Amino acid sequence: MHRRLLRCRAMPLLQLPPPPPRALGVSGSRMNHRLLRCRVMPLQPPPPLGVSGGRLFASLPSPPPIQSRREVHVWYLCPDELNDQSQLNMYEELLSPVEKEYAASMKVAALRKDAMLSRALLRTTLSRYTDCKIDPRSFEFKKNEFGKPEILWPPDNSIVERPLYFNISHTTSLIACGIAMHAHIGIDIEEKKRNTTKNILSLARRYFTPSEVDYLIAISDSDVQRKEFLKLWTLKEAYVKALGLGFSGAPFNTFSIMLETSKGIRISKVSKVCDDSISGFDHLSDNWQFTFAELNSSHYMSVCIEDDSRKQGLENTPVPVGLKVWKTRPFVEDTLVSGTDALKLIA
């Protein structure tokens with residue numbers, strides 16, 4: 001028996017064949033995509049295995065294609081702005097039983113909501129980059145030895161495996177999903193106003209390298225010092241997540257972030273700390289590229305991707321990372337914020 005969704009303001013269409021595309025209202029860089037109020041309609045079950053087959057969610061507009069390894073797309077949502085219960089119920093139906101169980105295990109309602117929305121954002125975003133050929137509910141995932149999730153493609157070759165890489169980051173007020181093709185990616189988001197319970201320099205001495213500690217000590221203004229600490233932390237977090245090693249595999253004090261260089265943000269391995277015989281440390285290198293931005297004037301966002309140009313000896317002609325960012329309410333509205341005041345590129 002199929003469960004039924006009561007009348008709602010927005011929900012994906014599950015009709016076959018898919019209906020003709022709806023007109024999109026475009027105003028500046030804002031693209032609205034809204035669904036009409038609907039009657040009771042059955043929610044079809046996802047296919048039993050893998051990501052193959054399944055009915056299509058026709059109401060997820062496909063993004064422009066990622067043109068190169070140096071291009072990154074980021075989709076984010078603000079949990080506090082998503083309060084329509086029918087929409088939240090719809091997002092919850094996208095999750096796997098394990099994901100639902102994990103979200104339900106959170107003791108605080110806000111954390112349960114955030115856990116659910118982060119998985120719904122990931123699933124709907126990935127579906128866009130398969131031209132909606134894969135139902136968001138159909139994705140399955142695996143984890144590497146350090147816990148970084150990856151897409152588990154089906155073994156039957158019914159769906160061609162795509163060189164699609166992703167990473168998720170979230171705060172209490174924003175959840176973001178970064179997407180890259182043919183390149184490992186890490187993304188981290190931090191609130192600019194985030195305060196720490198411990199002294200900034202105490203934390204820096206515990207987690208950062210001596211050169212980074214000296215950099216922070218030289219800043220006399222406490223608020224500026226706190227912000228620079230958060231910038232370094234965000235960049236380090238994105239790098240470790242891109243490596244896929246986790247904090248245990250690449251402790252923050254094994255590499256330095258150099259913020260102001262002629263070649264952009266760079267990585268320097270701390271030779272006295274690192275032992276290349278230890279698993280993970282041999283992967284610490286400067287063959288990575290960063291982009292750093294302010295989002296909504298309230299968050300720092302760092303994205304790290306592989307940089308093949310340095311491997312090929314082209315480091316003297318660095319090409320900036322191409323970054324495109326959308327704010328989304330999946331199935332309801334997508335807004336391109338690149339080129340607007342909502343996104344301020346710093347490096």
Side-chain angles (χ1 to χ4, degrees), residues 46-52 54 57 60 63 66 69 72-77 79 91-106 111-130 132-155 159-172 174-190 234 236-251 279-280 283 288 301-306 328 330:
L49 296 173
V51 294
S52 59
F57 280 63
L60 282 172
I66 296 178
R69 295 175 63 104
V72 172
H73 290 182
V74 175
W75 296 77
Y76 75 93
L77 56 78
Y91 295 149
E92 186 177 11
E93 288 302 312
L94 302 178
L95 274 58
S96 70
V98 172
E99 291 169 335
K100 291 178 182 178
E101 182 179 357
Y102 173 77
S105 69
M106 299 292 176
L111 296 179
R112 291 195 294 271
K113 179 181 177 182
D114 289 354
M116 181 271 290
L117 287 176
S118 67
R119 303 309 297 177
L121 174 64
L122 172 61
R123 288 176 171 276
T124 54
T125 302
L126 290 177
S127 181
R128 297 176 192 267
Y129 291 88
T130 66
C132 290
K133 294 178 180 177
I134 298 178
D135 185 306
R137 298 168 297 182
S138 300
F139 284 97
E140 291 187 357
F141 303 93
K142 60 182 179 180
K143 292 184 179 181
N144 70 10
E145 59 180 309
F146 295 98
K148 184 176 182 179
E150 301 170 352
I151 299 172
L152 178 62
W153 300 96
I159 295 292
V160 178
E161 183 171 342
R162 297 165 185 256
L164 189 63
Y165 293 87
F166 67 90
N167 199 227
I168 286 279
S169 181
H170 58 84
T171 68
T172 57
L174 192 147
I175 304 171
C177 177
I179 298 289
M181 299 290 282
H182 300 281
H184 291 280
I185 180 175
I187 182 173
D188 191 53
I189 302 285
E190 296 289 345
T234 305
K236 283 174 170 283
E237 188 77 38
Y239 176 57
V240 168
K241 293 173 73 176
L243 286 172
L245 299 177
F247 186 82
S248 61
S279 176
H283 296 294
W288 300 84
M301 178 179 70
S302 176
V303 176
C304 178
I305 60 171
E306 289 177 292
T328 183

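One-based numbering along the sequence shown. Note that the structure is predicted; figures quoted are calculated from it, not measured.
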Item to complete: Tell me, with the steps shown, if Ile179 and Leu164 meet side-chain contact (heavy atoms from CB on, under 4.5 Å).
Response: CA-CA 7 Å; Ile179 298 289; Leu164 189 63; 3.7 Å; yes
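Residues passing the side chain to side chain contact (heavy atoms under 4.5 Å, CB included) test with Leu111 are Met106, Val108, sequence neighbours excluded. With sequence neighbours left out, the ring-ring contact (aromatic ring centres under 6.0 Å, His included) criterion links Tyr91 to no other residue. For Glu92, the side-chain hydrogen bond (donor to acceptor under 3.5 Å, both in side chains) test picks out no residue, with sequence neighbours left out. Shown here are the side chain to side chain contact (heavy atoms under 4.5 Å, CB included) partners of Thr172, two or more places apart in sequence or in another chain: Glu191. Shown here are the side-chain hydrogen bond (donor to acceptor under 3.5 Å, both in side chains) partners of Thr328, two or more places apart in sequence or in another chain: Arg128, Asp334. Lys148 meets the side-chain hydrogen bond (donor to acceptor under 3.5 Å, both in side chains) test with no other residue; sequence neighbours excluded. For Ala242, the side chain to side chain contact (heavy atoms under 4.5 Å, CB included) partners two or more places apart in sequence, or in a different chain, are Trp288, Cys304. Checked against salt bridge (charged side-chain N to carboxylate O under 4.0 Å, His left out), Glu99 has the following partners two or more places apart in sequence or in another chain: Arg119, Arg123. Every residue meeting the side chain to side chain contact (heavy atoms under 4.5 Å, CB included) condition with Val240, not counting sequence neighbours, appears here in chain and number order: Ala250, Phe252, Phe255. Checked against salt bridge (charged side-chain N to carboxylate O under 4.0 Å, His left out), Lys236 has the following partners two or more places apart in sequence or in another chain: Glu212. By the side-chain hydrogen bond (donor to acceptor under 3.5 Å, both in side chains) test, Tyr129 is found to be paired with His73, Trp75, residues two or more places apart in sequence or in another chain being considered.
Nearest heavy atom pair, residue Ile189 against residue Met301, reads CD1-CG, 3.3 Å. Counting all heavy atoms, side chain and backbone alike, Trp153 lies closest to Ile134 at CZ3-CD1, 3.9 Å. Closest approach of Phe141 to Leu126, counting heavy atoms only: CE2-CD1, 3.7 Å. The two atoms that bring Asp114 and Thr171 nearest to each other are OD2-O, 4.3 Å, heavy atoms only.
Side-chain contact between Ser302 and Tyr239: absent, with no pair of heavy atoms (C-beta onward) separated by less than 4.5 Å.
At distances below 3.5 Å, not a single donor-acceptor pair connects side-chain atoms of Lys241 with backbone N or O atoms of Asn167. For Ser105 (side chain) and Tyr102 (main-chain N/O), a donor-acceptor pair under 3.5 Å exists by modelled atom type.
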